[in-house]
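This is a predicted model, so every value here is computed, not measured. By convention in this document, chain letters (A, B, ...) are assigned in the order of the sequence lines, proteins followed by strands, and residues within each chain are numbered from 1.
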Amino acid sequence: MLRQHFTAKDLLTLLVAGLAVAGALTGRAHRADAADVPLAVIVGEATPLTDVSKSTLRRAFLSEPTVEAGVKLLPLNHNPGTSERSRFDSAILGLQPDDMSRFWIDQRIRGQGSPPRAIPSVPLLGKLLAHLPGAISYVKATEIPAGVKVLTVDGRKPGQPGYALP
Amino acid sequence: MKGALTSFRVAVLAASLSLAGATTASAQLTSPETLPTPSGNDEGADAGDPRGNAAGAAAPPPASAPSDATPGSPPATPVTSTSGAELDEESAKYVADLMAQTGGGGPGGAAKQAFSPSLKFYGFADFMVQKYILLSDPWKGALNDNLSFGVSHINLYADADIAPGWKSMIEVRFLFQPDGATSGNIGHSTLDPLATSGRTDSATHDFYDSSRVVDLGGIAIARAYVEYALSPYLKVRAGHFLTPWGIWNVDHGSPVIIGPSKPYIVGEQFFPESQTGFELLGTAPVGDATLGYHLTVSNGRGPAQVLEDLDGNKALGGRLFLRGYWLGQIDIGASAYGGTVTDRRQQVTDLASQRVGWFDYSKYREISWAADLRWLWKGLHFQSEAALHDRAWDDNARPPGQYNMGYQADVRRLGMYSLVGYRLPWLNLMPYTLFSYYDAGLNVTFLGAHRIMAFAGGLNMRVTPTVVLKTEVQVGKFLGAVAGSLPASGSVNIWSTQIAWAF
């Protein structure tokens, strides 16, 4: 019955069309993210840092011990599923949300570390950064809380060409 | 028979796909980042949060508050901020918790005051479906080629932060074995199967159930150590730990490893799977890369390795690795291990006084070397390990060979494996191939051959980050088998399907 209605060519056409639609949707999502306000890396004003490298951010947010300017960095994340978290993980760690979950499950089974703490709101994040030297996080560049400062990443400010974060 | 097997495969595939669909549909609900935590907080918790109580998406007051993490513990001490300003209660709890986590505030400072121990349980398990397929008649006589089901791993972790900078890790594997497992006297059982089954029988009578039979299983302690962070770049472990060699031995958990079965160099323990002693470890940045190291000193292997060292030679080992992000992620490592394995026994040396003394029943020196490479780039997963193991006997303590023939020979074993897989964008599917080679050095190992090559092809499907389905067919071919021997009769082929899950 099925064979009478669908030929191999039909199925191939359907497959290609499906992939094209999926590609278009992915592209739209990507463009929507790109149109967002860039993320800014922030620390408390007492933290003696003005710049941080992408590789340092990667180390810190992969929970590898990271010391910059004599201060041990304490990475603080946004909750999983937030736009900020997804964009940061993708740009700095090269991992999509599903990959990220898989990565931490695997690390836990190996006994090789735990993810940075996720903080549920930007105001709270700001307070924590302001009071914990070495604490480091990221927010949308238009939502910088009081008591923190924005770091350049590899010498570039948010929005500048070549800036590491979307 | 063939038709029945085909039907079975179709049924398994259908069930797998059905399960995959169901679990994929609920992935948002069961994401590891929302796993329930020991403190009962399941709101947005990151998997493996060091305190087991990450903050939730809409969870004020913070789920991470130490008082929430440990029922009955004192409430978190309000912390005065470094800026001198007072914090509201919610922020103070977070600050205290984070300072405790990092050991901030100095010795005896805020971190120490605010610290409250935390303990979380998690682990992994797996269920296997296995069948030897397409065996030659001699192999059918030697192996059980019936389709079999089994739960092969139930590993439970108890992971605790016990003081600022101190961590405890215990991993226990629960087994249904030894009941039913092949016992050491398989040779006798084939000669007299009426008298000896060749299997271990651990059944006993349950006093509290009218003395009905209950099968006893076993417990294997995979890890039990305490760890102290001396600095960001140096940690010390004391206890029983996994030997830090290569990739597979540390990955070790069935949800993490790609296929359902180990390559020979891992399964045949070119390095000991675990050791008892001390381990120093750490990582440090080197440019954009990370350099990591492990150094171990332990009892080494032996008949009582987890209890005592039966010789004066401590086993030494180490591993160096470099992790870079040049084209995806690349890990390159080298490992080494050396020790003396001694079976030291006691005997009466003077009958009149009943004085006893020690003698070495068997003793050999072992040295192992290994190199490994893992490359992860987009969906590509490549990993390979090669290892060599030398065993040199002490002539004064060289025991009889297998079946009491001659004496044990010095032997060099070597082997390698390479695994290539690609994670497709659909259903988290990863088709993969695994090539494994093992030279056991002695013909007696495989009853007429000492080299084997195994080719495996399979599918790994990460249904959710915590659930993995795997299916694999492996063909093992013996090289240079003695004519007429069992290995010369054909390859050993096995089909394995596994569902592994982390919890």
So which part of B:Asn428 gets closer than 4.5 Å to some heavy atom of chain A, the side chain, the backbone, both or neither?
-> side chain
Start with the C-alpha distance between A:Ile109 and B:Tyr122, add both sets of side-chain angles, then the distance that settles side chain to side chain contact (heavy atoms under 4.5 Å, CB included), and finish with yes or no.
-> CA-CA 9 Å; A:Ile109 288 174; B:Tyr122 52 88; 5.8 Å; no
Correct closest heavy-atom pair for B:Arg223 and A:Gly111 would be NH1-CA, 3.8 Å
Closest non-hydrogen atom pair between A:Pro65 and B:Tyr233, with its separation = O-CE2, 4.3 Å
Working for side chain to side chain contact (heavy atoms under 4.5 Å, CB included), residues B:Lys120 and A:Ser114 = CA-CA 12 Å; B:Lys120 57 188 169 165; A:Ser114 309; 4.2 Å; yes
Any ion pair linking B:Arg462 and A:Asp99 (charged N to carboxylate O, less than 4.0 Å)?
-> no
Going by heavy atoms in the side chains, are B:Thr283 and A:Arg59 under 4.5 Å from each other?
-> yes
salt_bridge(B:Arg323, A:Glu64) N-O dist < 4.0 Å = yes
Going from OH on B:Tyr94 to CG on A:Leu125, what distance comes out if it is rounded to the nearest 0.5 angstrom?
-> 10.5 Å
Structural part of A:Leu95 lying under 4.5 Å from a heavy atom of chain B | neither
Is chain A contacted by the side chain of B:Ala284, its backbone, both, or neither, given a heavy-atom distance below 4.5 Å?
-> backbone
Got B:Thr464 and A:Arg102 here, is their nearest side-chain heavy-atom distance under 4.5 Å?
-> no
Separation of A:Leu124 CG from B:Ser91 OG (nearest 0.5 Å) | 5.0 Å
Under 4.5 Å to a heavy atom of chain B? For A:Gln107 that would be neither
Dump the intermediate steps for side chain to side chain contact (heavy atoms under 4.5 Å, CB included) on B:Leu98 and A:Leu74, then the final yes or no.
-> CA-CA 8 Å; B:Leu98 288 164; A:Leu74 172 64; 4.0 Å; yes
Charged N-O contact under 4.0 Å between B:Asp288 and A:Arg58 = no
Go through A:Lys127 and B:Val95 one step at a time and tell me if the side chain to side chain contact (heavy atoms under 4.5 Å, CB included) criterion holds.
-> CA-CA 9 Å; A:Lys127 288 179 193 170; B:Val95 169; over 6 Å; no
Might you confirm whether atom CG of B:Leu424 has over 12 heavy atoms from other residues, nucleotides or ligands at distances under 6.0 Å?
-> yes
Checked B:Pro232, B:Gly253, B:Gly123, B:Gly287 vs chain A; the most non-hydrogen pairs under 4.5 Å come from B:Pro232
Evaluate the side-chain proximity of A:Asp106 to B:Asp251: yes if any heavy-atom separation is below 4.5 Å, no if none is.
-> no
Tell me, side chain or backbone of A:Leu93 under 4.5 Å from chain B's heavy atoms, or both, or neither?
-> neither
Does any N or O in the side chain of B:Tyr325 come within less than 3.5 Å of the main-chain N or O of A:Ser55, such that one atom is a donor and the other an acceptor?
-> no
